[in-house]
Q: 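Would you mind keeping the following structure in view while I ask a few things?
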Amino acid sequence: QVQLVESGGGLVQAGGSLRLSCAASGRTFSSRWMAWFRQAPGKEREFVAAINWSGSSTSFTDSVKGRFTISRDNAKNTVYLQMNSLKPEDTAVYYCAARGAFSYSGYAASYDYWGQGTQVTVSS
């Protein structure tokens with residue numbers, strides 16, 4: 001019902017920046033919350049950031065606070081993750097997710113729709 005397509009991943013040196021984009025299509029009114037998760041090899045999928053429908057509320061995991069920002073453009077049905085001061089430990093596949101409920105959640109199982117992921121690799 002909602003399709004999500006991520007883009008913007010790649011290889012970057014430590015201290016550099018990347019901007020990820022997630023384009024949504026379909027029943028986009030079911031995307032009241034949108035979020036980014038990441039998963040490194042051998043590790044559990046981890047919450048990164050989330051934003052509500054209006055952009056008035058955001059949430060970040062502690063490890064990225066002050067470095068990452070999340071925003072959305074509902075006219076374009078797109079959410080962005082601006083990643084600055086990247087560290088090697090940020091290396092992971094980054095996934096875009098959408099949630100139809102009004103309340104916030106940082107738990108992956110609470111999200112209804114998922115993109116295919118985009119690889120981010122940070123070299124030291």
Side-chain angles (χ1 to χ4, degrees):
Q1 294 182 349
V2 176
Q3 295 79 47
L4 305 174
V5 179
E6 304 97 333
S7 62
L11 175 64
V12 65
Q13 294 181 345
S17 299
L18 284 173
R19 185 177 70 247
L20 306 183
S21 298
C22 175
S25 61
R27 297 169 63 90
T28 55
F29 58 84
S30 296
S31 302
R32 294 186 177 93
W33 282 89
M34 297 190 72
W36 291 93
F37 291 78
R38 65 188 182 187
Q39 189 165 26
K43 294 186 177 180
E44 190 175 71
R45 188 166 297 189
E46 176 191 23
F47 171 78
V48 178
I51 186 168
N52 72 342
W53 70 273
S54 68
S56 62
S57 182
T58 60
S59 182
F60 299 90
T61 191
D62 286 344
S63 64
V64 308
K65 286 181 179 177
R67 300 190 296 122
F68 291 10
T69 57
I70 187 170
S71 61
R72 68 190 297 172
D73 184 342
N74 290 338
K76 297 180 179 179
N77 294 317
T78 301
V79 64
Y80 305 94
L81 184 68
Q82 178 67 46
M83 305 185 295
N84 298 325
S85 301
L86 283 162
K87 304 175 181 179
E89 52 262 43
D90 295 319
T91 296
V93 177
Y94 283 70
Y95 296 92
C96 179
R99 168 176 163 88
F102 288 101
S103 60
Y104 162 79
S105 176
Y107 184 45
S110 296
Y111 283 79
D112 305 303
Y113 308 101
W114 293 85
Q116 294 180 348
T118 186
Q119 175 70 232
V120 172
T121 302
V122 184
S123 62
S124 60

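These numbers were taken from a predicted model, which means no experiment stands behind them.
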Q: For Tyr80, is there any backbone N or O sitting under 3.5 Å from a side-chain donor or acceptor partner on Arg19?
A: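 No, the answer is negative, given that no donor and acceptor are paired below the 3.5 Å cut-off.
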
Q: Do the side chains of Val64 and Leu81 join up, straight or via other hydrophobic residues, at under 4.5 Å, putting them in one cluster?
A: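 Yes, because Val64 and Leu81 connect within a single hydrophobic cluster, where side-chain heavy atoms sit under 4.5 Å apart.
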
Q: Applying side chain to side chain contact (heavy atoms under 4.5 Å, CB included) between Phe68 and each of Thr61, Thr58, Asp90, report the one that passes.
A: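 Between Phe68 and the candidates, side chain to side chain contact (heavy atoms under 4.5 Å, CB included) is satisfied uniquely by Asp90.
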
Q: Can you tell me how the ring of Phe37 sits relative to the ring of Trp114, calling it parallel under 30°, perpendicular over 60° and tilted otherwise?
A: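 Rings of Phe37 and Trp114: tilted, 30 to 60°.
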
Q: Honestly curious: do Val48 and Tyr95 fall in one hydrophobic cluster under the side-chain, below-4.5 Å linking rule?
A: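 They do not share one cluster, since no chain of ILVMFWY contacts under 4.5 Å joins Val48 to Tyr95.
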
Q: Minimum heavy-atom separation for Ser59 to Phe47, with atom names?
A: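 Heavy atoms only, the tightest pair is O-CZ, 3.8 Å.
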
Q: Do other residues, nucleotides or ligands put more than 12 heavy atoms under 6.0 Å from Gln116 CD?
A: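 Counting other residues, nucleotides and ligands, CD of Gln116 stays at 12 neighbours or fewer.
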
Q: Indicate yes or no for a side-chain donor-acceptor contact from Thr78 to the backbone of Lys76 under 3.5 Å, with no hydrogens or angles considered.
A: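 Yes, the answer is positive, given that a donor and an acceptor are paired below the 3.5 Å cut-off.
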
Q: For Val2 and Asp112, run side-chain contact (heavy atoms from CB on, under 4.5 Å): C-alpha distance rounded to whole Å, both residues' side-chain angles, the deciding distance at 0.1 Å, then the answer.
A: CA-CA 9 Å; Val2 176; Asp112 305 303; over 6 Å; no

Q: Between the main-chain N or O of Trp53 and the side-chain N or O of Arg32, is there a donor-acceptor pair closer than 3.5 Å?
A: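 It does not hold such a pair.
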
Q: Ignoring hydrogens, what is the shortest heavy-atom contact between Ser105 and Tyr111? Give both atom names and the distance.
A: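 Heavy-atom minimum between the residues: O-OH, 2.6 Å.
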
Q: Atom CG of Leu18 and atom CG of Asn84: how far apart are they, to the nearest 0.5 Å?
A: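 Going from CG on Leu18 over to CG on Asn84, the span is 9.5 Å.
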
Q: Distance from Ser31 atom OG to Arg72 atom CZ, nearest 0.5 Å?
A: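 That separation rounds to 6.5 Å.
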
Q: Using a 3.5 Å distance criterion without hydrogens, assess whether the side chain of Asn74 forms a donor-acceptor pair with backbone atoms of Asn77.
A: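 Answer holds: no.
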
Q: Among Arg38, Gln39, Glu6, whose side-chain hydrogen bond (donor to acceptor under 3.5 Å, both in side chains) with Tyr94 holds?
A: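 Among Arg38, Gln39, Glu6, the one meeting side-chain hydrogen bond (donor to acceptor under 3.5 Å, both in side chains) with Tyr94 is Arg38.
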
Q: With rounding to the nearest 0.5 angstrom, report the CZ to OG distance, Phe60 to Ser63.
A: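 Between atom CZ of Phe60 and atom OG of Ser63 there are 11.5 Å.
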
Q: Just to verify, which of Thr91, Leu20, Val93, Leu11 counts as forming a side chain to side chain contact (heavy atoms under 4.5 Å, CB included) with Val120?
A: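 When Thr91, Leu20, Val93, Leu11 are each tested with Val120, the side chain to side chain contact (heavy atoms under 4.5 Å, CB included) holds only for Leu20.
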
Q: Could you grab the distance from atom CE of Met34 to atom OG of Ser71, nearest 0.5 Å is fine?
A: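 If we round to the nearest 0.5 Å, Met34:CE and Ser71:OG are 11.0 Å apart.
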
Q: Which distance, rounded to the nearest 0.5 Å, do you find between the OG of Ser124 and the CD of Gln13?
A: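 These two atoms lie 10.0 Å from each other.
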
Q: List the atom of Ser85, the atom of Ser17, and the distance in Å for their closest heavy-atom pair.
A: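 Scanning both residues, the minimum pair turns out to be N-OG, 4.3 Å.
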
Q: Search all heavy atoms of Ser57 against all heavy atoms of Trp33 and return the closest pair with its distance.
A: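 Heavy-atom minimum between the residues: OG-CH2, 3.7 Å.
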
Q: For residues Gln1 and Tyr113, report the shortest heavy-atom separation together with the two atoms involved.
A: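 Looking at all heavy atoms of both residues, the shortest contact is OE1-OH, 3.0 Å.
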
Q: Hey, what do you get for CG (Leu4) to OG (Ser25), rounding to the nearest 0.5 Å?
A: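 Reported to 0.5 Å precision, the distance equals 7.5 Å.
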
